[in-house]
Amino acid sequence: MSVTRTHCGAPRPADEGAHITVYGWVDRRRDQGGLIFLDLRDHTGILQVVLDAARAQEAHDAAHGVRLEYVLRVEGELRRRAAENVNPRLGTGEVELHATGCAVLSAARTPPFPVNEDTDVEEQLRLRHRYLDLRRERMQHNLRARARFSTELRRAMSEQGFVEIETPLMIRSTPEGSRDYLVPSRLFPGSFYALPQSPQLYKQLCMVAGFDRYFQLAHCMRDEDLRADRQPEFTQLDIEMAFVDEEDVFAALEHAIPSAWHACEFRGSPLRVPFPRIPWREAMARYGSDKPDTRFEMLLHDVTEVARSSGFRVFAEAVARGGVVKAICVKGGDDLTRSEIEGRLTDVVRAAKARGLAYLWRRADGWQSGIAKFFSDEELERISATVGADIGDCVLMVADTAEVATTALGALRNHLARARRLYDEARVDFVWVTEFPMFERSEETGAIQPAHHPFTMLHADDVELLESDPLAVRSRAYDIVVNGREVGSGSIRITDPAIQRRVLAALGIGDAEAREKFGFLLEAFEYGVPPHGGWAGGIDRMLMEGLGTENIRDVIAFPKNQQAQEPLTQAPAPVDTAQLRELGLSLLPPRQ
RNA sequence: GGCCCCGUGGUGUAGCCUGGCCUAACACGCCACCCUGUCAAGGUGGAGAUCGUCGGUUCGAAUCCGAUCGGGGUCGCCA
């Protein structure tokens, strides 16, 4: 546009008398007959335009037919408003544009939902007309915040000497991990590329290549079912560093993330730095989760010893079988009713595989509960002291295997915190969870599998356990957890071929299979590999926390719905048989 | 694949539990007219829903039952 453009949000009283041209969408119109007011909106704000039939007949007539969301060009003279007409809710509220010309650049159909206000609209409808949804103030704000966050992260990484390297999007499929999205090869019919679940192997190759410090805002694709915080396509801040240990990785991120966070003025600013570190064992013991929410207390306590000798058979028998009894103390839990506990709260622990939930109220006149009679006064006193129960509190307990009791109470802890609003909504807690177990047992197959990935270095003190007790081996893997949500994970990697061989052996992967699957990485390591480690974290999830939204779609421009469809363009869609033939593909009949 | 919630004019909701006063209500939006200081403009008038779909129960269904479709959440899954 050759005419100089003034943005709608820009004019101020100092600009009085200026002849300007503005472009934008009609946010509201107030037609009083001879006098029409239009609120013209662009991404910078809203400017009131005045169209006076007596002064500019032609412009006024044009404005008469204008409707919401029409795209206009308006020129005129900027004037200061009379004192009684000032609108303090607008940045431009002290001025207004007296139009001499008004051109409709584009008419608009009546929008399927309000663009000019922040009403809840059915998700599917928002996605089908995403261009209108994105035009709304909230999404404009979110996506502009996202752009700023990415820019600031890039700046913070670059200033620390990290080199941004783009890794390929069409790569070899590797068997581990989540389900791959596949891309058929035309030149090699029957062969496929995979879209990366992460650039893991490439960034390690960058270390071998001598890049020392790599980063990327990497697109990752995983073909798994969706959640409120999970999209099939997402973006990670991906980093890798050579000649480092955990502290160097932590320091790099404790600089980059907070500086970007603060530049965006995100929720919870300023962040507490350094991020507290919680060993995995402690996270499980105290919070009942490897994703501890540290915004509130109500920690788990172990009352196994009291339970062991008690007359309460449910507890004593669980302990005799090698189980444990864990407890949390609900401060002011006096108001929890029996039906609440036996209903909703018991459902929560049952969902985590616990058999039931025991409860005790500590009241001024003593302990109250169906099970209090099974405990001596001294035992009740010990429980009370262990969990820190005062009069007016409620103690909730689960007896089961250590894993079930812990995770069930952890789930209950989170449930109660949300239901009882035990934390400050404005607070954002970043924490490191360290020393994750090296391996875990697959519930499906019973086989040992990597908890992180098979190139994760193990804790120096636990090397001897690798063959004798692999499940007890701690790794040098670490997560960043924000308000109980995992946003990223990383590790120091194995670069010693002997250790790598032993780890793969523990996973039941022999030399031949290792060559077949990761041969290129192991071969690369034979040419001089620096010790290295890294981390990758979800930008989308960090934005959710920073912007305070519960849904990942609110921080992505064109997300998929829960069926992984994109309702605007209708992806995925069938393709022409000619395309299939070219790729050497034919379709099986649909599965029943 | 399991479980939970939702589906009523263009949008957001009420009505549903306890069937008939529903010829389906309210707000916003939409259309027409009036209006020269409005800014969530106002006034007058108007259009617009066979209550997701199919079947059942009943004299009678938005309302009860079953199935099904669509959306959201969650468990499984996400090395």
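All values reported here derive from a predicted model rather than from experimental measurement. We name chains A, B, ... by the order of the sequence lines, and we start the count at 1 in each one.
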S.K.: Report which part of the nucleic acid L125(A) touches: base, sugar-phosphate, or nothing (heavy-atom distance under 4.0 Å, all strands).
M.R.: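 Sugar-phosphate, backbone atoms only, no base.
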S.K.: Distance check: side-chain N/O of R126(A) vs OP1/OP2 of G72(B), anything under 4.0 Å?
M.R.: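 No, because none of the side-chain N or O atoms of R126(A) sits under 4.0 Å from OP1 or OP2 of G72(B).
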S.K.: What is the distance from CG of L127(A) to P of G71(B), rounded to the nearest Å?
M.R.: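 For the pair L127(A) CG and G71(B) P, the rounded distance is 11 Å.
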S.K.: Please state whether the phosphate of A40(B), meaning OP1 or OP2, lies under 4.0 angstrom from any side-chain nitrogen or oxygen of R89(A).
M.R.: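 For A40(B), OP1/OP2 do have a side-chain N/O of R89(A) under 4.0 Å.
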S.K.: Checking all strands, does D223(A) fall into the base, sugar-phosphate, or nothing category for heavy-atom contacts under 4.0 angstrom?
M.R.: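 Nothing, no heavy atom under 4.0 Å.
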S.K.: Given that both distances must come in under 3.5 Å, which nucleotide forms a Watson-Crick or G-U wobble pair with A25(B)?
M.R.: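 Across any shown strand, A25(B) pairs with U13(B).
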S.K.: Pair up each side-chain donor or acceptor in residues 217-226 of chain A with any protein partner under 3.5 Å, not counting sequence neighbours, and list the distances.
M.R.:
{"from": "R222(A)", "atom 1": "NE", "to": "Q197(A)", "atom 2": "O", "distance (Å)": "3.2"}
{"from": "R222(A)", "atom 1": "NH2", "to": "Q197(A)", "atom 2": "O", "distance (Å)": "3.1"}
{"from": "E224(A)", "atom 1": "OE2", "to": "R179(A)", "atom 2": "N", "distance (Å)": "2.9"}

S.K.: Reckon Q32(A) touches a base, only the sugar-phosphate, or nothing at all at heavy-atom distances under 4.0 Å?
M.R.: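 The residue Q32(A) makes base contact.
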S.K.: Just one of D120(A), D133(A), D118(A) clears the salt bridge (charged side-chain N to carboxylate O under 4.0 Å, His left out) bar with R126(A), so which one?
M.R.: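 Result for salt bridge (charged side-chain N to carboxylate O under 4.0 Å, His left out) with R126(A): D133(A).
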S.K.: Taking only N and O in the side chain of R28(A), is any of them less than 4.0 Å away from OP1 or OP2 of A40(B)?
M.R.: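 No.
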S.K.: Provide the Watson-Crick or G-U wobble partner of U50(B), both distances under 3.5 Å; none if there is no partner.
M.R.: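 Partner of U50(B): none found under 3.5 Å.
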S.K.: For the backbone of L97(A) and the side chain of Q48(A), can you confirm whether one donor and one acceptor N or O come within less than 3.5 Å of each other?
M.R.: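 Not a single qualifying donor-acceptor pair exists.
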S.K.: Any strand is fair game: report the nucleotide pairing with U44(B) by Watson-Crick or G-U wobble, both distances under 3.5 Å, or none.
M.R.: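 Its partner is A32(B).
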S.K.: Need one value for E84(A): base, sugar-phosphate or nothing, where a base atom within 4.0 Å counts as base even if backbone is also close, heavy atoms only.
M.R.: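 The residue E84(A) makes no contact with any strand.
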S.K.: Quick one: H64(A) NE2 to U36(B) C1', roughly how many Å, whole number?
M.R.: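 After rounding, the reported distance stands at 14 Å.
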S.K.: Rounded off to whole Å, could you give me the CG-to-P distance for the L51(A) and U36(B) pair?
M.R.: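 It works out to 14 Å between those atoms.
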S.K.: Can you check the D225(A) CG to G73(B) C1' distance for me, whole Å?
M.R.: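 Answer to the nearest Å: 13 Å.
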S.K.: Classify R230(A) by what it touches in the nucleic acid, base, sugar-phosphate, or nothing, heavy-atom distance under 4.0 Å.
M.R.: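 Base contact - R230(A) has a heavy atom under 4.0 Å of at least one base atom.
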S.K.: Ignoring hydrogens and angles, tell me if any N or O in the side chain of D31(A) forms a donor-acceptor pair with the backbone of G33(A) under 3.5 Å.
M.R.: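 Yes; judged by distance alone, with no hydrogens or angles, the pair exists.
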S.K.: With nearest nucleotides of RNA chain B determined for E117(A) and G33(A) from heavy-atom distances, which residue corresponds to the more 5′ nucleotide?
M.R.: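 Of the two residues, E117(A) wins.
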S.K.: Looking at G37(B), I'd like to know if its phosphate oxygens (OP1 or OP2) sit under 4.0 Å from a side-chain N or O belonging to Q48(A).
M.R.: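 Checking G37(B) against Q48(A), no side-chain N or O comes under 4.0 Å of OP1 or OP2.
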S.K.: For a quick check of understanding: with a heavy-atom distance under 4.0 Å over all strands, which category does N551(A) fall into, base, sugar-phosphate or nothing?
M.R.: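 It contacts sugar-phosphate atoms only.
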S.K.: Would you mind classifying the nucleic acid contact of Q562(A) as base, sugar-phosphate or nothing, using non-hydrogen atoms under 4.0 angstrom?
M.R.: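 Base contact.
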S.K.: What nucleic acid atoms does D120(A) come within less than 4.0 Å of, heavy atoms only: base, sugar-phosphate, or nothing?
M.R.: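 Sugar-phosphate, no base atom in range.
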S.K.: Kindly indicate whether the side chain of R128(A) and the base of G71(B) share any N or O donor-acceptor pair separated by less than 3.5 Å?
M.R.: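 Check fails, no donor-acceptor contact within cut-off.
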S.K.: Measure from the side-chain N and O atoms of Y478(A) to the backbone N and O of S491(A), and report whether any donor-acceptor pair falls under 3.5 Å.
M.R.: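 Confirmed, Y478(A) side chain pairs with S491(A) backbone.
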S.K.: When all nucleic acid strands are considered with a 4.0 Å heavy-atom cut-off, which category describes R55(A): base, sugar-phosphate, or nothing?
M.R.: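 Here R55(A) touches no strand at all.
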S.K.: Without decimals, in angstroms, what is the distance between F37(A) CZ and C35(B) P?
M.R.: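 Going from F37(A) (CZ) to C35(B) (P), I get 16 Å.
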S.K.: Using the aromatic ring of F113(A) (for Trp, its six-membered ring), decide whether it stacks on the base of U11(B) within the limits of 5.5 Å and 30°.
M.R.: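 Answer is no, no stack.
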S.K.: In whole Å, what is the span from the CG atom of D118(A) to the P atom of A40(B)?
M.R.: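 Rounded to the whole Å, the gap is 16 Å.
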S.K.: R179(A) near the nucleic acid: base, sugar-phosphate alone, or nothing, with a heavy-atom cut-off under 4.0 Å?
M.R.: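 Touches nothing.
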S.K.: Under 4.0 Å, counting only non-hydrogen atoms across every strand here, what does E96(A) touch: a base, just sugar-phosphate, or nothing?
M.R.: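 Base, at least one base atom sits under 4.0 Å.
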S.K.: Does N561(A) put a side-chain nitrogen or oxygen below 4.0 Å from OP1 or OP2 of G71(B)?
M.R.: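 Checking N561(A) against G71(B): at least one side-chain N or O falls below 4.0 Å of OP1 or OP2.
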S.K.: Got a donor-acceptor contact below 3.5 angstrom from the Q140(A) side chain to the E137(A) backbone?
M.R.: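 Side chain of Q140(A) to backbone of E137(A), a donor-acceptor pair under 3.5 Å: no, none is there.
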S.K.: Would you mind classifying the nucleic acid contact of R109(A) as base, sugar-phosphate or nothing, using non-hydrogen atoms under 4.0 angstrom?
M.R.: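 Here R109(A) touches no strand at all.
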S.K.: Using a heavy-atom cut-off of 4.0 Å across all strands, would you classify A82(A) as base, sugar-phosphate, or nothing?
M.R.: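 No contact at all - A82(A) keeps every heavy atom at 4.0 Å or more from the nucleic acid.
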S.K.: Separation of E122(A) atom CD from G71(B) atom P, in whole Å?
M.R.: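 Answer to the nearest Å: 10 Å.
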S.K.: With respect to the phosphate group of A41(B), does any side-chain polar atom (N or O) of R30(A) fall under 4.0 Å of OP1 or OP2?
M.R.: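 Yes, such a contact exists.
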S.K.: What residues form a side chain to side chain donor-acceptor pair (under 3.5 Å) with D462(A), not counting sequence neighbours?
M.R.: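 Counting only residues at least two positions away or on another chain, D462(A) forms a side chain to side chain donor-acceptor pair (under 3.5 Å) with R474(A).
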